[in-house]
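Naming convention: chains lettered A, B, ... in sequence-line order (proteins, then strands); numbering from 1 in each chain.
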Protein chains: 2
Amino acid sequence: MKALFKTAGQAYKAHHALPPDAGTIADVNHDNVVKTISPDWVDGETKVMESPADHGQDLRLWLRLLTCSTLIESEIRRRLREQFDCTLPRFDLMAQLERAKAGMVLGELSKRMMVSPGNITALVERLVESGHVTRTVSPADRRVQIIALTSFGRAEFEKMATAHADWIAELFDVITARDGEILFDRLGKLKRSVVTALARD
Amino acid sequence: MKALFKTAGQAYKAHHALPPDAGTIADVNHDNVVKTISPDWVDGETKVMESPADHGQDLRLWLRLLTCSTLIESEIRRRLREQFDCTLPRFDLMAQLERAKAGMVLGELSKRMMVSPGNITALVERLVESGHVTRTVSPADRRVQIIALTSFGRAEFEKMATAHADWIAELFDVITARDGEILFDRLGKLKRSVVTALARD
DNA sequence: TATTGTTATACTCTATAACTATA
DNA sequence: TATAGTTATAGAGTATAACAATA
């Protein structure tokens, strides 16, 4: 039941987080107060089955899945911020626009990013200020706002996307093509399982 | 290159997000402005290889991994909030304390959660206010603060943990034991790959 | 009336750094 | 001097709801 969920994880980690092999087992003082790090801080993989709060294999799998995505995402987020002064939502929004050469309607951005229109408005506002995107009123329907990348925004995004791909290749270093295929396939099953379960509600 | 990253994803989704089978292909008006949803909004699995910004199999795998964890985490986050008025960091902090019967030093919490001490102080403060945890000065070293669950906090956490396990079982519905093992194993490899890569820096 | 976005607000989280108290 | 936390602050993201403009 440790490190169940995504938390901050980025900048602070660079300065304070433990190396992967830190510690031995959770040290406890004479009052049983936990003071030192246990070795399984990354996802508690060995301990979770022994915990009184154990709830089975699915939970272990979910913890490990979450650990992987959190580790990767935190690092990506940190590098985006340090190297490009960019946040994930900003990057995500630009990624949405990348293939929409003529732009995308604000409401569509909202749906794709699963973020409320009000918050997209604010995000777009900051990207307009920094010169990455434009906002235009649709001539066909004056309620709709068309958002598009500027050439500057497109160039910036391409730089980030290239770096991003390199980072991923670096992090996935030892995953073989075969393991990659297997993971891709099983994660596809998992995705369908989740989407189906969510659709039942 | 769509929906690369975790975004908001929780509350808004409940009201506005598309069902998993919405749409057909991205509709485009006479100006080529994207107005309607494409079917692969979940992770763009089919499209990413065709994209000019394609950067290979690792990237596809990463997108799918991120999609899975984001879908699950968003749903968990939403349910935690709606059913228990709890955020992920709060839950995570309590999860850390669950097996530390006599409490845990604040700095240790900070390291495990990869969140700065200052932000842990604020998080603990809110949990003290709501009666979930206590904060005590260590008699051995008056600089250190020992954080522990109250019996109320423990009871609340148990309720949440039980519900959480049920949610996960629901979402992982159609994953067989065998597929679960395979995923668990390969994700273990991936975790080691990432941890190794991060340690190289 | 319904839809598209905007504005407003309150809160949480993130990131950083200066600072205090204790060892 | 070094360590454990606290305080402060700025910015971004999250969640809701009321609202205006247009269809």
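Heavy-atom minimum distance, B:R154 versus B:L149: CA-CD1, 4.0 Å.
Using a 4.0 Å cut-off between charged side-chain N and carboxylate O, B:E75 and B:R78 make a salt bridge. Residues A:R79 and A:E170 are paired through a salt bridge, judged by an N-O separation under 4.0 Å between the basic side chain and the carboxylate.
When distances are taken from the side chain of A:Q145 to each of D:dG5, C:dG5, D:dA15, the shortest belongs to C:dG5. Looking at the side chain of A:L106, the nearest of the listed nucleotides C:dT14, C:dT6, C:dC13 is C:dT6. Residue A:R81 has its side chain nearest to C:dT16 when only D:dG5, D:dA12, C:dT16 are considered. With C:dC13, C:dG5, D:dA15 as the choices, the nucleotide that has an atom nearest any side-chain atom of B:T87 turns out to be C:dC13. Of the candidate nucleotides C:dG5, D:dT16, C:dT16, D:dT16 has the atom lying nearest to any side-chain atom of A:S116.
Side-chain contact check for A:L93 versus A:L127: some heavy-atom pair is nearer than 4.5 Å. Counting only heavy atoms from C-beta outward, the side chains of B:L65 and A:L183 never approach each other to under 4.5 Å.
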Under 3.5 Å, N/O pairs linking protein and nucleotides 20-23 of chain C:
{"residue": "C:dT22", "atom": "OP1", "partner": "B:R142", "partner atom": "NH2", "Å": "3.0"}
{"residue": "C:dT22", "atom": "O2", "partner": "B:R143", "partner atom": "NH1", "Å": "3.3"}
{"residue": "C:dA23", "atom": "OP1", "partner": "B:R142", "partner atom": "N", "Å": "3.1"}

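Atom-to-atom, CD of A:E125 to P of C:dG5 comes out at 15 Å; the value is rounded to the nearest Å. Computed from coordinates, the A:L88 CG to C:dA15 P distance equals 11 Å when rounded to whole Å. Per the geometry, CD1 belonging to A:I146 stands 14 Å off P belonging to C:dT4, to the nearest Å. Per the geometry, CG belonging to B:L109 stands 9 Å off P belonging to D:dG5, to the nearest Å. Taking atom CG of B:D85 as the reference point, atom P of D:dT16 lies 11 Å away to the nearest angstrom. Protein atom CZ of B:F91 is 18 Å distant from nucleotide atom C1' of C:dC13, rounded to whole Å. Between the CD atom of A:E82 and the P atom of C:dA15 there is a distance of 10 Å, rounded to whole Å. Rounded to whole angstrom, the span from the CG atom of B:L80 across to the C1' atom of D:dT14 amounts to 15 Å.
Toward the 5' end of DNA chain C, the nearer of the two residues A:N119 and A:V144, judged by each one's closest nucleotide, is A:V144.
For C:dC13, one of the phosphate oxygens OP1 or OP2 lies less than 4.0 angstrom from a side-chain nitrogen or oxygen of B:R126. The side chain of B:R135 places no N or O atom within less than 4.0 Å of a non-bridging phosphate oxygen (OP1 or OP2) of D:dG5. For the pair A:T121 and C:dT6, the criterion of a side-chain N or O lying under 4.0 Å from OP1 or OP2 is met.
Residues that satisfy the salt bridge (Lys or Arg N to Asp or Glu O under 4.0 Å) test with A:R126, not counting sequence neighbours, are absent from this structure.
B:W62 and A:F172 have perpendicular rings, their planes meeting at more than 60° on a 0 to 90° scale where under 30° would count as parallel.
Contacts of A:L123 with the nucleic acid, taken as non-hydrogen atoms under 4.0 Å apart, involve only primed sugar atoms and P, OP1 or OP2.
Separation of the A:F91 and A:F84 ring centroids does not fall under the 6.0 Å cut-off.
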